[in-house]
Amino acid sequence: MKVSLAWLNRLLDRPVSADEAEHALTFAGFPIESRQPLPGGDELLDVEVTSNRGDVLCHLGVAREVAAATGRALRPPAVPPADRTDGAGPCPIAIDNADHAACPLFTATVITGLRPGPSPQWLREALEAIGQRSINSIVDATNFVLHELGQPSHVFDLATLRGRTLVVRSAAKGERLALLDGSTRDLAAGEWVIADERGPISLAGVMGGAETAVSDRTTAVVLEVATWRPAMVRGAARRLQIRTDSSHRYERWVPPATIEHARRRLVGLLAEVAGGRVQDGVARVGAPPEPARSITLRTARLRAVLGAPVDDAAAERTLTAQGVAVTARPSPAGAVLECAPPSHRPDLRIEEDLIEEVARIVGYRALPDTPPLAPVTAHIRAEANRGLSAVRHALAGLGYQETIGFSFVEERWEHELAGNADPIRVLNPIASPLAVMRSSLMGSLIAALQGNLARKASRVRVFETGRVFRRDASVLDGNRSVAGVAQPRRVAGLAWGRVDALQWGSKERAADFFDVKGDIEALLAPRQANFVPAEHPALHPGRCARIELDGQAIGFVGELHPRWRQGYELPSAPMLFELDLDAVLARDVPAFAALPRQQSVFRDIAVVAGEQVSHAALMEAIAAGQGGLVRSARLFDIYKPAGTTTAAADMKPGERSLAVRLELLDNDNTLTDERIDATVTEVIARLGARLGARLRG
């Protein structure tokens, strides 16, 4: 917001210096981005205004803040109590505004007898001081009031209008509008315009049309002063990529209550600089201004929140300086202030807003450094869970580096890598490609791999933890949930390139499925997961497994699908895994167990089974015995002959030999050969019954 110091001082009872204005505004929450000296001793201040304070986007709003912070009195511009008119009849222009939600209030005033020409010197200097180009007296007057009071307006040349009705409506598909900046835009359905019988003549709240623009031959105009729904103006300005002083203010809400004041100020200024007079009355369509709302402020609550001894009179004086109408009534705990905020402060809605307003004007630096008094309760993590930092350290210990990606991703990732045909869309994306919320972390990891490959990395191991977002009708609103959206936490990793960093001790080879499987087993240890062949949209159909823990699926691991390896232009396919983070954080609570009194006995068996027999099925069949002597089993060798050999005489095509070491233990009694042989025979029989396996000869 560009502010002329000379213009600002015209609105105060005593002038302020640039240093004093900068100090007052900065500590009121409006820092000065830059200062620039101007001719005649003036100075240009560039004030940073927060998005919730549209009332400060004008010189009067800035002057109001300076006055409150420095103890000066505000001297607002004089406004005629009524229009100077040539008659007492109705306005010759009618208004058709069917949707008051889009346009809460619309006014039209016909002004005749205008003599457009160069503006007076004081008006030109005021506008040029803030970087505005002087055009003519009529346009300059509207720009002056916009920067003085913060109320945008627009004037239509009456002679160029078709008909005598201004229609406020939504644009029809295919309509076009030539704008004042010389461009012609195709309008979309839902963008609001002001139209006459011919069609659109102005893009509502953004910019007027070229066909009804004021020229040096204009003698009569229709003055439009209105307010528009912020979201509607913001959407049109963004889609058409047009940013104007008017749209900047309408996007932050211009209250209807300020319209009449600004309209009369502008009518009086036009009479002064261009000689115009109002023809008959004023046309108004829309809701009347809302009555002032009342907010109760307890001064005892004010002192408790701020931790500072702000007396009742100071609180009342501070709020009054901001235009708040205050009525005080006594109370045993302190005064109770009934506050009616002014119409230009829609941000003041609850008691906490008023407390913040007092703190802002008094000055945060003036508040004592009083530490809050509150009970501190330690929240002890359950022993059955480990912290997220432990998981991060475990993955870092396995050679992975952590990455952090956006929660909103490219829609292509969701379709291709997550198989999500209906992702959750972002209403206001920070960039057009990042248009949907992620339901998988794999896309971010592949993007990280691409970035590393672009920098000639030869070995990449990365992981990420975070929430994903998917539709789930069973989710209800709560403190940490949004209705219809599930937000589970995930941990995902990617390995590409050499299995080990460059070194001399082992032969160089690329990381494969079993390397990443080992990393997952180490991450979950001492819990043991099962890896079941499965399919996943992002992974190779024959090199993908579903990870199950205690019978529950917790994620997937596998090699990137060849189609996506080619689609994302990768030299070779990386290995990927994605797990449910809550399942990874869970762990078994250690339980005491006495050392076994007896020694274990080990027996090795080799069985011939079909190639379709998986490791998980083999271990499950061995553990299903009733005797309870098998303490553990470990597969230590797989043999499949390459051709016809003596060793392969007892194996048919499609079979292989599986060698398993069995650990047998009885805590109470020493195992005898009879019991050992009986247990081994039982295991072999069970393998034959369940898996069709037989003892190798």
Side-chain angles (χ1 to χ4, degrees), residues 1 3-33 35 41-50 52-79 147-150 258 261 292 295 297 299 302-303 305-328 334-345 347-348 351-369:
M1 168 68 189
V3 176
S4 162
L5 184 64
W7 193 343
L8 180 67
N9 281 325
R10 287 198 292 268
L11 301 172
L12 299 171
D13 64 336
R14 290 179 290 118
V16 295
S17 65
D19 291 339
E20 191 175 7
E22 180 177 7
H23 183 274
L25 290 170
T26 298
F27 288 101
F30 304 101
I32 306 298
E33 294 186 350
R35 289 169 51 175
D42 195 4
E43 193 157 350
L44 181 66
L45 308 179
D46 190 355
V47 184
E48 182 180 340
V49 180
T50 56
N52 66 324
R53 291 298 305 274
D55 61 294
V56 187
L57 291 173
C58 61
H59 282 75
L60 182 62
V62 175
R64 192 182 291 115
E65 293 295 326
V66 172
T70 62
R72 285 170 169 76
L74 193 66
R75 192 172 63 183
V79 174
H147 289 280
E148 181 184 60
L149 303 181
T258 64
H261 180 82
I295 307 171
L297 173 62
T299 55
L302 169 71
R303 287 185 282 271
V305 172
L306 297 184
V310 179
D311 59 73
D312 299 349
E316 182 176 353
R317 185 170 57 252
T318 300
L319 293 173
T320 302
Q322 281 292 316
V324 179
V326 180
T327 302
V336 175
L337 308 180
E338 296 296 336
C339 304
S343 59
H344 62 265
R345 291 299 303 275
D347 58 305
L348 300 180
E351 185 179 31
E352 284 71 14
D353 293 334
L354 297 177
I355 294 174
E356 182 182 9
E357 195 69 8
V358 172
R360 188 175 65 84
I361 300 303
V362 169
Y364 292 112
R365 294 199 308 171
L367 300 178
D369 297 331

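The basis for the numbers below is simple: all heavy atoms, side chains too, and nothing from hydrogens, waters or symmetry mates.
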Check: Are the charged groups of Arg360 and Asp353 less than 4.0 angstrom apart, N to O?
Finding: no
Note to self: For Asp312, is there an ion pair with Arg317 - N to carboxylate O distance below 4.0 angstrom?
What the structure shows: no
Measure the spacing between [atom1] of [X] and [atom2] of [Y] and express it to the nearest 0.5 Å.
X      : Y      : atom1 : atom2 : answer
Glu316 : Asp311 : CD    : CG    : 10.5 Å
Gln322 : Arg64  : CD    : CZ    : 7.5 Å
Thr318 : Glu357 : OG1   : CD    : 9.5 Å
Ser4   : His147 : OG    : NE2   : 12.0 Å
Asn52  : Arg345 : CG    : CZ    : 8.0 Å
Leu25  : Leu45  : CG    : CG    : 7.5 Å

Note, [X] side chain near [Y] side chain (heavy atom, < 4.5 Å):
X      : Y      : answer
Met1   : Val56  : no
Val336 : Leu297 : no
Val62  : Leu8   : yes

Checklist line | All pairs passing salt bridge (charged side-chain N to carboxylate O under 4.0 Å, His left out) where residues 3-16 contributes a residue, at least two apart | finding: none
Margin query: On a heavy-atom basis, which atom in Ile361 and which in Ala68 lie closest, and how many Å separate them?
Written below: CG2-O, 3.7 Å
Margin query: Go through it in stages, so that I can follow the logic: the residues are Val3 and His59, the test is side chain to side chain contact (heavy atoms under 4.5 Å, CB included), and I'd like the CA-CA distance, side-chain angles, deciding distance and then a yes or no.
Written below: CA-CA 6 Å; Val3 176; His59 282 75; 3.8 Å; yes
